Amino acid sequence: MRGRGLLNLRAALAPVASGVCVMVAAAAVLVPALSGDGPSGASGSAGAGGPGTARATQAAVGCTPQNAVQSLRPSPGGGKAVDRIKRHGQLVVGVDQNTYRWGYRDPNTGKLEGFDIELARAIAKDILGPDAKVVFQAVPTNQRITALQKRTVDMVVRTVTINCARKEQVAFSTAYFQAGQQVLAPRTAKITGFDDSLRGQRVCTAAGSTGESELSARRHGARVLTVPNQLDCLVRLQLGEADAVVTDSALAAAQAAQDPTVQLKGKPFTDESYGVALNKDDVDLVRRVNKVLDDYRGGGGADSPWMRAYHTWLEADLPGISGPPTPEYSD
């Protein structure tokens, strides 16, 4: 076991949620047990739009790997979903609390920080104003889709890769970050990447992740281990219970920054576009989030909120990124 790396990891992070636990940002309040009304009071499981409302047409029909990242055109307006959030005066966001740089609890301040957290706060501010209440709810990797479908959250901002299979189940904003699946392993390992050097190795990935999908299709003779949360794989690696990890390159880079005994192996072997995930019935909310993302990108300028967040959270581990992905629309 690489004890020093494990101690560093534990020191850097707050206790990892074993299930779904509610955490509160500044000015937010604890959310009571949620019923079928959803996080912001929408009535019924059909959601804000009701059974007669058209769903986010970005989903399902005609989705291909080439057009999967297309979303609905932005709008500064509202609708039933946006009005629901305003009426209840808070935005409930599913996030991670244990992924360094993206969504993690700072051990010095106790506050949630990271690239995804900053984006979630920008969305809340746009909808609810400068004193917006944001309730952050920790959601494991394998529960992100379920949390949206059951309406325990208004949206998920948690490095969710946009793909056709997921668009059958939820709606997505335009892409706000581009990454790719990559292998993480000990520096001393003879593993060279996502190839036959994985044969006979114990490879860990998160259940419900795109890494699991890739390993299901091409495991290269590896023995696959699945865990509820992506960070659990790093702990397995440090404990000697896994030989390698398959995850998004952006997350792997953050983990390598936490533990210098591991490194990325080979090159990214997929394209992974992260989007804000939402309930399929919340068409107006999809458009409003896309409006926020347009403002956040700021035309790709060096002083845009997106670039400032990149410099703060990601540049040290993912240098050389010149700007955000260009949005693509389906209508």
Side-chain angles (χ1 to χ4, degrees), residues 12-13 25 69 71 74 91 93-109 111-127 130 132 134 136 141 144 155-162 172-182 184 209-210 230-231 234 247-260 263-264 267-268 270-277 288-329:
L13 302 173
V69 296
S71 184
L91 182 70
V93 186
V95 297
D96 200 350
Q97 68 164 350
N98 55 30
T99 297
Y100 189 48
R101 305 292 197 191
W102 290 90
Y104 71 105
R105 193 173 289 282
D106 188 319
N108 297 315
T109 65
K111 293 182 179 180
L112 280 172
E113 303 288 358
F115 191 87
D116 279 345
I117 303 302
E118 197 160 323
L119 175 57
R121 288 185 173 128
I123 295 170
K125 183 177 179 180
D126 182 85
I127 296 173
V134 190
F136 292 113
T141 306
R144 294 175 298 185
M155 61 186 63
V156 173
V157 186
R158 194 191 184 285
T159 60
V160 187
T161 297
I162 306 167
F172 279 100
S173 71
T174 52
Y176 67 84
F177 196 83
Q178 187 72 30
Q181 289 293 302
Q182 199 163 0
L184 182 75
S209 68
T210 47
Q230 191 274 333
L231 186 67
L234 179 59
T247 187
D248 295 1
S249 56
L251 305 184
Q255 291 178 8
Q258 289 175 269
D259 184 350
Q263 67 178 177
L264 292 127
K267 296 181 179 180
T270 65
D271 290 324
E272 307 282 327
S273 297
Y274 298 160
V276 177
R288 184 62 174 263
V289 169
N290 283 341
K291 179 263 182 189
V292 177
L293 285 172
D294 262 7
D295 294 342
Y296 203 68
R297 295 183 189 97
D303 196 40
S304 67
W306 192 98
M307 287 303 298
R308 291 198 299 270
Y310 165 71
H311 292 317
T312 299
W313 301 111
L314 305 179
E315 187 175 26
D317 305 318
L318 293 166
I321 296 176
S322 59
T326 301
E328 298 183 32
Y329 301 111

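Keep in mind it's a predicted model, so treat the numbers as computed, not measured.
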Practice problem: Show your reasoning for whether side-chain contact (heavy atoms from CB on, under 4.5 Å) applies to Asp116 and Val95. | Solution: CA-CA 8 Å; Asp116 279 345; Val95 297; 5.9 Å; no
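- A distance of 12.0 Å separates CD1 of Ile162 from CG of Asp271, quoted to the nearest 0.5 Å.
- Considering every non-hydrogen atom in both Gln230 and Thr141, the closest pair reads N-OG1, 3.4 Å.
- If you take CZ on Phe115 and OH on Tyr176, they are separated by 7.5 Å, rounding to the nearest 0.5 Å.
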Quiz item: Between Asp295 and Lys291, is a side-chain contact (heavy atoms from CB on, under 4.5 Å) present by the stated rule, with each step listed?
Solution: CA-CA 6 Å; Asp295 294 342; Lys291 179 263 182 189; 3.1 Å; yes
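- Closest approach of Ser304 to Tyr296, counting heavy atoms only: CB-O, 3.8 Å.
- Residues Phe172 and Ser71 are not in side-chain contact: their nearest non-hydrogen atoms beyond the backbone lie 4.5 Å or more apart.
- With sequence neighbours left out, Ser273 forms a side-chain hydrogen bond (donor to acceptor under 3.5 Å, both in side chains) with Gln178.
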Exercise. Dump the intermediate steps for side-chain contact (heavy atoms from CB on, under 4.5 Å) on Leu119 and Val276, then the final yes or no.
Key: CA-CA 9 Å; Leu119 175 57; Val276 177; 4.2 Å; yes
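- Counting heavy atoms from C-beta outward, Phe177 and Thr159 have side chains that stay 4.5 Å or more apart.
- Looking at Glu272 and Thr210, their side chains do bring a donor and an acceptor atom within 3.5 Å of each other.
- Using modelled atom types, no side-chain atom of Thr174 and backbone atom of Asn290 make a donor-acceptor pair closer than 3.5 Å.
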Quiz prompt | Evaluation steps, side-chain contact (heavy atoms from CB on, under 4.5 Å), between Arg308 and Glu118 | solution = CA-CA 10 Å; Arg308 291 198 299 270; Glu118 197 160 323; 5.6 Å; no
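- Under a 3.5 Å cut-off, the side chain of Ser249 and the backbone N or O of Ala179 do not form any donor-acceptor pair.
- Between Asp96 and Leu112, the shortest heavy-atom distance links the atoms O-CD2, 4.2 Å.
- Taking both residues in full, the closest heavy atoms of Leu184 and Ala252 are given as CD1-O, 3.9 Å, listed atom of the first, atom of the second, then distance.
- Ionic pairing of Asp106 and Lys111 is not present here: no N-O contact between side-chain nitrogen and carboxylate oxygen is shorter than 4.0 angstrom.
- Classified by interplanar angle (parallel below 30°, tilted 30° to 60°, perpendicular above 60°), the ring pair Tyr274/Trp102 is perpendicular.
- For the ring pair (Phe, Tyr, Trp, His ring centres under 6.0 Å) test, residues two or more places apart in sequence or in another chain that qualify with Tyr310 are Trp306.
- For Asp294, the side-chain hydrogen bond (donor to acceptor under 3.5 Å, both in side chains) test picks out Arg297, Tyr329, with sequence neighbours left out.
- Glu113 meets the side-chain hydrogen bond (donor to acceptor under 3.5 Å, both in side chains) test with no other residue; sequence neighbours excluded.
- With Arg144 contributing its side chain and Arg158 its backbone, the two residues share a donor-acceptor pair below 3.5 Å.
- For the side-chain contact (heavy atoms from CB on, under 4.5 Å) with Asp126, the lone residue among Leu293, Val292, Leu91, Val289 that qualifies is Val292.
- Atoms CD and OG1, from Gln255 and Thr99 in turn, are 7.0 Å apart once rounded to the nearest 0.5 Å.
- Nearest approach of Gly103 to Ile117, heavy atoms of both residues: CA-CG1, 3.9 Å.
- Here Gln182 pairs with nothing under the side-chain hydrogen bond (donor to acceptor under 3.5 Å, both in side chains) rule; sequence neighbours left out.
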Throw together a table of side-chain donor-acceptor distances under 3.5 angstrom for residues 314-325, partners on residues two or more places apart or in other chains.
residue: Glu315; atom: OE1; partner: His311; partner atom: ND1; Å: 2.9
residue: Asp317; atom: OD2; partner: Arg101; partner atom: NE; Å: 2.7

